[in-house]
Amino acid sequence: MAIAWVAVVFCLNTCLFGNYKNEIQLFNSLRSFPLLPLLRTLKIVFLKCLSAIRRLLRFLHRQHCRTVGLQQLALGQELYEQCDYRAAITAWNNALVLFRKANLHIYTGSIFTQLGSAHRQLSQYSQALEYLQQALSIHRETKDREYEGKTLNSLGMVHCYLAEYPKALEYFQHSLIIFRELGERGEESATLSNIGFAYKKLGEPRQALDHYHNALKIISELEERDNEGTIINNIGLLYSNWGQYDKALEYYQQAFEIARNDKNYGSEASTLNNIGVVYRDRGQYSQAITYYQKALKLFIKVGDRANEGTMLSNLGDLYCHQGNYAQALEYHQQALTIRQEVGDRSGEGVTLGNIGAVYNFLGQLSQALSYYQQSLKIREEIGDISGKGSILNNLGHIYTLWAYYPQALECYEDALVIASKTGDRESECLVLANIGFLNNKISNFSKAIQYSQLALKLAQEIGVKKTEGWAWQSIGKAHQCLGEYSKALETYQQALQVYTSIDDRSDEGDLYADMGLIYNHLGQPQTAIEYYKKALRISRVLKTRTSEYSICENIGSVYFQIEQYKQALEFYQQALVIARELGNRTDEARILNIINDLHKVSVI
């Protein structure tokens, strides 16, 4: 009897520790004892306990997976907000595995939506679309209308990045219907803002502005200050594109005050960047650098590595415009390193293109071509159609400089097809202007005027003042090359009016140089010098050393022609200093020869 009870207690004690098979065998071995009916009852009780324990263990395991999964889910969101998208993806994938182990499928759809957003940020658009489409199917099956709307919004953003703007609008419109049905005013406002962005890219700025204002009205009612600042920034961008820089700055200042009051350093930095862009487009590079540097410090402060890379790239672009090519390359290389570290493939492609532009200005066209081709490869790999068009446009410029005109035209035509296909009217306008410029180079002046007029018409329609000025200037250049100087000057005056209206000092200076050339051809050297000196003053204010070099050379040339050798020597010597500073040995040698000739003439 005692042995039987010991066996029973032993079985009940050890069943808690998982060695169930041995205990069942022990029960079966006790059939010969007189307490067999009791043991049978105890066996039934034991098996029920065992089943309960197993259920308890499964429940505890499920709860553990759920708890840790939710922690990973929250960690992923925190990492996403810190722009550490790769780490966020890892955390969300961990959460997905844990939830699947726990048979908790209710989180799958939302995780797929978040994974899609993270892959979009990494320019991994095919993966983003795959996750978002899966998420959309799940949300529709579960009738989760809120997340269906959010996922549709995310799909629209991916198609925007792919320059598929009509497709993006479809998703945004479906999302808008859902959020209005649910009464989700905040999400409705965000979707209206996204629709505005799509219309902006489609070259319909008035539609964009209407949607931004509707979004702003809702968000102001809700007093969601973060989103209010974002929308105000977007409105500022529209006015900036229209060349209404003072109006743009008004909106940016509002956005800046909101961000500063809320201590939202990320939004504050983004607004400072936008203000810097206004000064860049005005040709006020020193002011632009000041704002870019402030934005850079804030992005570093909040640990936003992706935007840190963007600001370094923007600074490199400005130093390139100033002719400070060594510093431009230094900033672009820093930007490239960061963008490669954080996996920003789109940004990497942009920076490679910017480095190509620096080598282009340095006259190192082979190097420029190499970087443009690397950029093009990335754009093609990530499916960035719009970016591909931009690089093809740049390649067209390189081939133009090399006098490889058929290749240049092919690149421009491919870029034009992409712009037309994606509905990107701004890019279409720019490419048309470049084709006009190319035709000027190959002395096909009728076609130059034809394409430049197409660019002009489109620029005026969509309100892109800068390209409008370029188109007028290209038409003027064609008339100038045809010897139609009065028509050329008349057209240049139109361009000048545009440039001064948007305070575009850089292009204004280039135009004065072109007008100086015409007056020299007209036999009016003093007027030519007057215009050249206007261009020179601007180049010195903007610190654009390459422009300053060519203008000094042109002024020296005019003084040489009218036999004012002392003044000619003065400007050629200034040109020589700049040529040496820029490291342009070819130009240095040529200027030295001219100076030697001047000394000979002066002696005679």
Side-chain angles (χ1 to χ4, degrees), residues 283 285 318-326 328 357-365 368 397-398 400-403 434 437-438 440-441 469-470 473-474 476-477 480-481 485 488-489 492 495-496 499 504-522 524-562 564-565 567-598:
Y285 300 131
L318 275 179
Y319 285 119
C320 180
H321 281 298
Q322 284 189 320
N324 193 340
Y325 301 122
V358 176
Y359 282 114
N360 182 8
F361 281 111
L362 282 168
Q364 299 178 28
L365 301 185
H397 182 63
I398 287 284
T400 300
L401 293 175
W402 265 343
N434 284 339
F437 174 78
L438 172 63
N440 270 328
K441 295 290 288 185
W470 290 340
Q473 194 167 351
S474 185
K477 180 67 76 174
Q480 179 181 339
C481 293
Y485 297 128
L489 285 172
Y492 282 156
L496 185 61
Y499 293 147
D504 182 354
R505 299 285 282 161
S506 177
D507 286 313
E508 182 185 347
D510 291 342
L511 193 60
Y512 284 139
D514 282 340
M515 294 172 81
L517 186 61
I518 288 179
Y519 282 112
N520 194 32
H521 282 305
L522 288 170
Q524 300 178 37
Q526 292 302 330
T527 308
I529 289 170
E530 180 186 330
Y531 275 95
Y532 279 139
K533 285 185 175 179
K534 285 182 179 181
L536 184 60
R537 281 194 292 273
I538 291 172
S539 69
R540 284 176 173 166
V541 168
L542 300 180
K543 298 179 181 178
T544 49
R545 298 292 275 167
T546 47
S547 295
E548 186 180 350
Y549 163 79
S550 62
I551 296 164
C552 283
E553 184 182 3
N554 287 340
I555 295 173
S557 175
V558 177
Y559 277 125
F560 201 154
Q561 289 169 28
I562 60 176
Q564 294 185 19
Y565 301 126
Q567 293 91 328
L569 185 60
E570 177 190 341
F571 282 96
Y572 276 125
Q573 284 174 333
Q574 291 177 39
L576 179 63
V577 170
I578 299 169
R580 284 173 172 165
E581 182 186 307
L582 296 175
N584 193 326
R585 302 286 287 171
T586 304
D587 285 339
E588 181 185 348
R590 187 165 49 78
I591 298 296
L592 279 169
N593 286 331
I594 296 171
I595 289 172
N596 286 333
D597 290 341
L598 271 169

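What you are looking at is a predicted structure, and each value in this text was computed from that prediction instead of being measured. Heavy-atom basis, side chains included; hydrogens, waters and symmetry copies ignored.
Here N520 contributes atom CG and M515 contributes atom CE; the two are 14.0 Å apart, rounded to the nearest 0.5 Å.
E570 is linked by a side chain to side chain donor-acceptor pair (under 3.5 Å) to nothing, counting only residues two or more places apart in sequence or in another chain. Shown here are the side chain to side chain donor-acceptor pair (under 3.5 Å) partners of Q480, two or more places apart in sequence or in another chain: Y492.
A salt bridge is defined here as a Lys NZ or Arg NE, NH1 or NH2 lying under 4.0 Å from an Asp or Glu carboxylate O, and K533 with E530 fails to meet this definition. The pair E508-K534 fails the salt-bridge criterion, with no side-chain N (NZ, NE, NH1 or NH2) lying under 4.0 Å from an Asp/Glu carboxylate O.
The one candidate from Y559, Y572, F560 that meets the side-chain contact (heavy atoms from CB on, under 4.5 Å) condition with Y565 is F560.
For the residue pair E581 / Y549, no side-chain donor-acceptor distance below 3.5 Å is found, with atom types taken as modelled.
Proximity of D507 to D504: side-chain heavy atoms (C-beta onward) are separated by under 4.5 Å at one or more points. You'll find the side chain of Y531 reaches within 4.5 Å of the side chain of Y519, heavy atoms only. Counting heavy atoms from C-beta outward, F571 and L536 have side chains that approach closer than 4.5 Å. Taking the side chain as every heavy atom from C-beta outward, Y285 and S506 approach each other to under 4.5 Å.
When all heavy atoms of G516 and A528 are compared, the closest pair comes out as O-CB, 3.1 Å.
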